[in-house]
Every structure is written in C-alpha cells, then in structure tokens.
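Written below as structure tokens is the structure these notes are about.
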Amino acid sequence: MPAVLRVALPVPLPTLFDYLPAASGRADVGSRVLVPFGKGKAVGVVVETNVESAVGHARLKRVLKVLDDGPLLDAELMATLARAADYWLGAPGEAYANALPLALREDRPLPDLREEAWALTAAGQSALDAGSRRGGSRALLEALAPGPVTAELLHELLPGWRDAARRLDEAGLIERTGVAGAAPLPTSTPPELMPEQRQAVDTIAASLGQFQSFLLDGVTGSGKTEVYLALIEQVVAQGKQALLLVPEIGLAPQTVRRVRDRLGVAVEVLHSNLAEGDRARAWLRARSGEAKVILGTRSAVFTPLPHAGLIVVDEEHDGAYKQQEGFRYHARDLALLRARALDVPVVLGSATPSLESLANVQAGRYRALHLRARPGAIRAPQVQIVDMRAQRLEHGLSPALLAAVADTVARGEQALVFRNRRGYAPVLLCHACGWHAECPRCEHPMTLHAGRRQLICHHCDYTARLPAQCPACAAPDLKPQGQGTERLEEALAAQFPEVPVLRIDRETTRRRDAFEQLLESLHEDRPAILVGTQMLAKGHDLPNLTLVAIVGVDEGLHSVDFRASERLSQLVVQVAGRAGRARKPGRVLLQTHHPDHPLLRQLLAQGYAAAAATLLDERRSVQLPPYGHQVLLRAEAHQREHVDAFLVDAAHALAGAPLQLAGPMPAPMPLRAGRHRGQLLIEAETRSALHTALRPWYRMLSTLPSARRVRWSLDVDPVDLY
DNA sequence: AGCACGCCGACT
DNA sequence: GTCGGCGTGCTC
C-alpha cells in the first residue's frame, strides 16, 4: 500500500485532500507541494505523511512536484495553525493558506533575500591581473577586486557602472551575487524609564524564556511603547526575535522609525498594503532568523519565528485584530496560542483593555501591570458632560460646545469634533408628507451625502441620486434629519469662517497617504477645527490639539449589540486621550441627551477600569462572552431564499445538538453587491459543550443539501483559549 | 474559492 | 445562428 500524503489546499471546505507521493522528491510535513486539483493545479501544504486514505487509491491523484526540500512551515507553525483552525472552526486549508504570503503559494523558486551585489569570477581576476581591460570596465574590475560590492555602493563609486557590468557579465568576468543586508546603527538613545515602566520591564523580562501572558494597562501617553522597546532590546541582545503587532498600518510608520532608530537591528514591516514580493521576502527573512524584529498588522501573526523571544500586541482591544472574512481568526488570541507554543512571554497593551482580557486577569490567567504616571506630568483631561436637552442646537451643536470651540481657536489652538457618522445626514425626510428615503434593498434609511449629491445606504452600499423633490408627494420640501461629519464640517465652517475646518473620515482619506498629509499639516502651531469619525481615535500625536468635543454617542447607549457599551467606553476614553498631549492642558466635552446614563456617569467619574468592571459583571450575570459562549453562523448568497433555506436546514440539523439557538431567526438582509446575508446565533453554557458539539456539526453543515448554494462561515466569538 | 457545465435571452 | 448571463456541482 503506497504511503499517502494529506495536503491542505486553500479552499473554504472543512476537508483535507489525499494524494499519492510525487514520482521524485520526498515531501515532509510543512513542505509545499504542487498537486492536480479540479481541472487545474494548486499549491498546498503537506500536513501529514503515511496516512490511511478514506478515498479509494484508484481515485487518488499523484503529487506533481515537491516544492521544498525541507518544511517551509516549521513544526510550531503547523501545530499552531491546526489548533487555530480547530478553535475558530475554520477551513484548515484556509488557515494554512493564510500563513503563507501569496507569492509563496505559487510554483516558483523562493526569492533571493540577499541584496544585489557583484563579484569577480576567476576569469575576471586574471583579466584584472593581466590589465586587459580599459576605461569603465577596468574601473569596475578594480572596484570589485577586494570582494563583492553591493549595487547601491557601486552607484556611488562608479556612476554609470551598469554598462560595464553588462559587458563584463557577458564576457564571464564578473557575476551577480548577493550579500546580507547590513544592520543600521542606532541613532537614538533610550530615555530614562519611569519607576512604573522600569517595574513592568523587569517583571516581564523575568519571564523571558517561558510562556506567560501580561496585560499592560496604561493610559494614553503613559509610555507603553518605551516598555515594549526596552523589552525588545533585551530580547534582541539575547539573539532572539520579537514580534510586535499593531492594529493598523497608519500607526506603523512612526513606530517602525522609532524601533529602527533605537535598536539598530533588521526590522521587517508586514501589512496588507505591502507588495506581495516584499511581503514574501520579509516573511522569509523572519524565517531565516535574519529579521530580529517583526512589526506588522493582523496577518503578521503568522510570521515564522525560529528564534522567538517575545510577542507584543499593542492596543489589544482593537477590533481590527479580528479577521472578518475567510478564516475568521482573532490575531490577539492567535498571538497567545503562538506564545504558548513558542514558550515566550506575550504582552497585551492597552489603555482600554477588552473585557475578555480583563476577565482573563480576574481568572488569574494574565498578570496585570499598570502604568499610571504620564511622563511630562500632564494630567489626563477631565471629561465634562454637556446636557443638550432643551438647548437651541446649531446643526446638532449646543451653544456650550460652540463657545468652547470659539475659545480654543481664539487662543490659536486646535479643536476636534468627533462624530461617529459619515455623510451629511443619516435621514432625508419630506416635511410635507412624512416620506423618508429608504434603501430599496434593505429598507434601511439612506444617508444623505451632499457633496456627492447622492443617497447611500451604509448597510449595503446601494446608491441613488438625490431627488430634487419628494418622490411620494412631489413637494420640494425634503429636510435632512440628524448630523453626519459632512454637515458638521459645513456648520463649523459657517460658524468659524476664518479658521480652517478639516474633515477626516473614509471619504476624505480615500487617497493613499491623504491621511498622513492631513495630520502633517496639523503639526503646525496654527488654529484649526477637525471633524472626524473614529479614524481619529487611534494614537496619532496632535500636539496643538487642546479641545475634544464628542458628539452623538447616544446611539451607542441603546444599541442591541452586546459589545456596544464596551466599544463606546473605549472610544470615549481613546478620543479624550487626543486632547492636550504636549505641553498644553486639554479639555474634553461630551454632548449627550442622557447626562444621567449610569455608564456615562461611571465612566466619567471613576474611569474606564471601573466602568469596564461593571460591564463585565453584567455580562457574567447574563452569560454573555467572555462568560457565556456564542457562535454566529453566517450565510451569504445572491438569492435571499437560498440563505433562508440554508439557515432553516442548519437549525433543523442543530435540533439534536447540546446547543441552543438564541432568539428568533432574523430575515436575511441584503448586502453590498446584491448579496444577501443571514445569521443564526448559537449559544452554549460552557465552552467545551460548544466546541465538542460544533466540531462534528461543522462537518455536517457542509453536507446539507442547501450548503452548496451559499457561502457560509462560523464566527466564533473569541472567548478564552484554556 | 475557482472552474466547468448547462440552459435560456439579445445580438453580429 | 452563437455569445454570455448566472445557477449548480465538484474538487483527493
């Protein structure tokens, strides 16, 4: 009986595929193989050798080619990926595919990692000795005499050397080689650490070489980054690697500069905007151990770390760590899995830790470290509530708020008005007959975008032209209701004609580096008013910003989403943290119709930690994550009936399992590009019940007759991994 | 996910 | 007459 190979292929099916071994070349676990698949070919990863196949040998096809001599994915990554696919109930093939950069999922040799350089051949050496060449060629031969020289250096030494290089290369006198890139020299020195920072560094450093999770809880500007850098410095000094995850690319450039300047080691940056070739090279340099520090977003959690020393997840509460399509993993939790497999400490940092992490601290699974002191000794700004009930509002802005903005710009400082709604107005209403613009696909109210003269459904992206009159009664009396960032921008520009008003949301920052440029212009010491969505909440330094006005958080107080209160609290604290970061004191206003709401009261009076503790208690009492356990079964298809049929089938199939459907089944909703999505919320009282029930059920789902017509996935809410 | 097959509408 | 729309089924 031939030894069969089990291969993971990048397909969203809960199946692995069996193949007969290649005619030549032995494949190990973790090696890539090229296999026939369907009518074409595919690159897969060997997950098992010598397996007993359930498929008849007559039907088994043969591996076409073994692409790697040894494993490309090491044993740790293979094991962690298998665990992750199992934990998040993902298609195993997709999990392995996620780990490999796209450029490495092709039938091509691995890219050369070395820097381009040129060297003399034996023939070249004799030609140099004989002095047989003249001019540029001779100069190039002489330049290469001491040893290989990089192309970069040749550009400086001999401008126009390429012509000579081409001639000498053709004559066989020189050859292209590569040299390892040289590490840059550190250009900045570490600052003196504050006592709390010092203590955090020492505590974590004492765990180097073993697995331990830490929650580094520090307010904005308390110097978390310095703690990371000090730790990474120690790790690198031991010859080990550090992985630093950040929620988004926007934050990476300033961090990467800081890390490079400080450490003077090879730092690789990985994010989704990177060209595939660059991404593959960075990944491979991490695999070779050449890269000492790997800094990246969500997907960088799959980087191989043969000499791992430390993993850091910055802003661990950030939702960007959750992958929303394909293999639905959570990078923060995957980082924990990897740290455990690699036997290294993992540090989760945040000013507003997720309730999951706080629960893990309470359970004794994470050690909490606190940073309170703000270096530079500027006190965190106090948040003041502006009661907007019975106030005369100017486009949704209260007199108190406008007065504060006026004061700020009069002092030559900058103000930020934060509103979590894009567009001009969330509703367009006919004042004559009560008609309002509704999306024909989802029956959601459509948002008015005045600049584009369009109505856009923020739910499914359906767009329509802005009607000049009411489509129902033909009255020319259409009134925008409510305020989006676009309308606030207009209102503020009208109120403060002499001050530049900048709007920052998805619409104005579409263009690459438009965001960077906008922020750059704000570094100048001039008055300005910013209007923006949560893009502005993330850790950008705005030294001249002294007033933050938060408008319209009221929706978040009454949302049905059980995470809404948590996110609202984090948002308020993070946005407030933008005020008064440098030498000037900051002021924060929160405008609301519910000044007595208990969450707001507690958040403002006692701070995030107290509010989070209350929210956590509430979740515990009603068994919501991180205490109860939930899975969302999502189905998507072009036809609404297909989504319905699948969900009904799934609900029937579920009837025998030790799980409950939570609540009635909502009707499938239209989605962008004319697709419909429906979902089923499944709950269990314990995690083990959920998982033991779901694993076999997951395979069964794919066998349902209706499963073929929809794209479905299970969204496992990150709970705990113990 | 890709990809092929297959069955009905509007064009050279 | 065929090009091509997407609905359906399959991949060791």
Side-chain angles (χ1 to χ4, degrees), chain A residues 1-23 25 27 29 31-67 81-82 85 88-107 272 276 299 323-329 441 633-646 649 668 670-678 698-715:
Chain A
M1 164 151 17
V4 173
L5 297 176
R6 187 149 289 168
V7 178
L9 294 172
V11 252
L13 296 172
T15 358
L16 293 167
F17 297 84
D18 293 345
Y19 287 91
L20 299 171
V29 169
S31 300
R32 296 170 306 154
V33 285
L34 181 70
V35 295
F37 188 66
K39 300 280 167 184
K41 299 169 186 179
V43 171
V45 178
V46 178
V47 292
E48 222 179 319
T49 56
N50 286 318
V51 296
E52 186 87 30
S53 182
V55 180
H57 280 192
R59 283 184 58 212
L60 287 183
K61 295 190 181 169
R62 194 168 284 282
V63 169
L64 296 170
K65 195 164 151 198
V66 180
L67 298 179
L81 288 169
W88 281 285
L89 297 156
E94 282 194 316
Y96 291 96
N98 244 298
L100 282 175
L102 217 54
L104 299 181
R105 279 161 47 195
E106 284 169 20
D107 174 22
S272 48
E276 279 306 325
S299 57
Q323 168 93 31
Q324 295 284 8
E325 52 199 20
F327 172 43
R328 294 167 169 272
Y329 62 94
R441 283 214 301 240
L633 171 62
R634 294 180 192 273
E636 242 180 80
H638 281 285
Q639 267 156 294
R640 190 175 169 143
E641 303 79 64
H642 291 164
V643 179
D644 256 331
F646 174 73
D649 282 354
L671 206 63
R672 71 201 65 232
R675 299 178 70 84
H676 291 253
R677 172 191 286 168
Y698 172 62
R699 289 177 166 275
M700 200 233 289
L701 277 177
S702 63
T703 67
L704 292 178
S706 52
R708 296 252 152 78
R709 301 195 192 120
V710 300
R711 185 170 306 166
W712 61 273
S713 63
L714 285 163
D715 189 353

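In what follows, chains are A, B, ... by sequence order, proteins preceding strands, each numbered from 1. Since this is a predicted model, take the numbers as computed values, not measurements.
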Touch check for [X], heavy atoms < 4.0 angstrom, all strands: base, sugar-phosphate only, or nothing?
X	value
A:P36	sugar-phosphate
A:L16	nothing
A:Y19	sugar-phosphate

Whole-Å distance between [N] [atom2] and [X] [atom1]?
X	N	atom1	atom2	value
A:L9	B:dG2	CG	P	13 Å
A:E48	C:dC12	CD	P	19 Å
A:L13	C:dC12	CG	C1'	12 Å
A:K61	C:dT11	NZ	P	9 Å
A:L20	C:dC12	CG	C1'	9 Å
A:F646	C:dG7	CZ	P	18 Å

Task: Spatial distance of atom CH2 (A:W88) from atom CD (A:Q323) [nearest 0.5 Å] - done: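 Answer rounded to 0.5 Å: 11.0 Å.
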Open item on the list: With side-chain contact (heavy atoms from CB on, under 4.5 Å) as the test, pick out the partner of A:L67 among A:V43, A:L104, A:V45, A:V33.
Closed with: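 The passing option is A:V43.
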Task: Neighbour count >12 (heavy atoms, 6.0 Å) for atom CD, A:Q324 - done: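 Count over threshold, so yes.
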Task: side-chain N/O A:K39 vs B:dC3 OP1/OP2, d < 4.0 Å - done: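 Indeed not, no polar side-chain atom of A:K39 lies that close.
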TODO: State whether A:R59 places a side-chain N or O below 4.0 Å from either non-bridging phosphate oxygen (OP1 or OP2) of C:dT11.
DONE: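 Answer yes for this pair, as a side-chain N or O of A:R59 is under 4.0 Å from OP1 or OP2.
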TODO: Please assess A:S53 against A:F17 for the test side chain to side chain contact (heavy atoms under 4.5 Å, CB included), listing each intermediate value before the final yes or no.
DONE: CA-CA 9 Å; A:S53 182; A:F17 297 84; over 6 Å; no
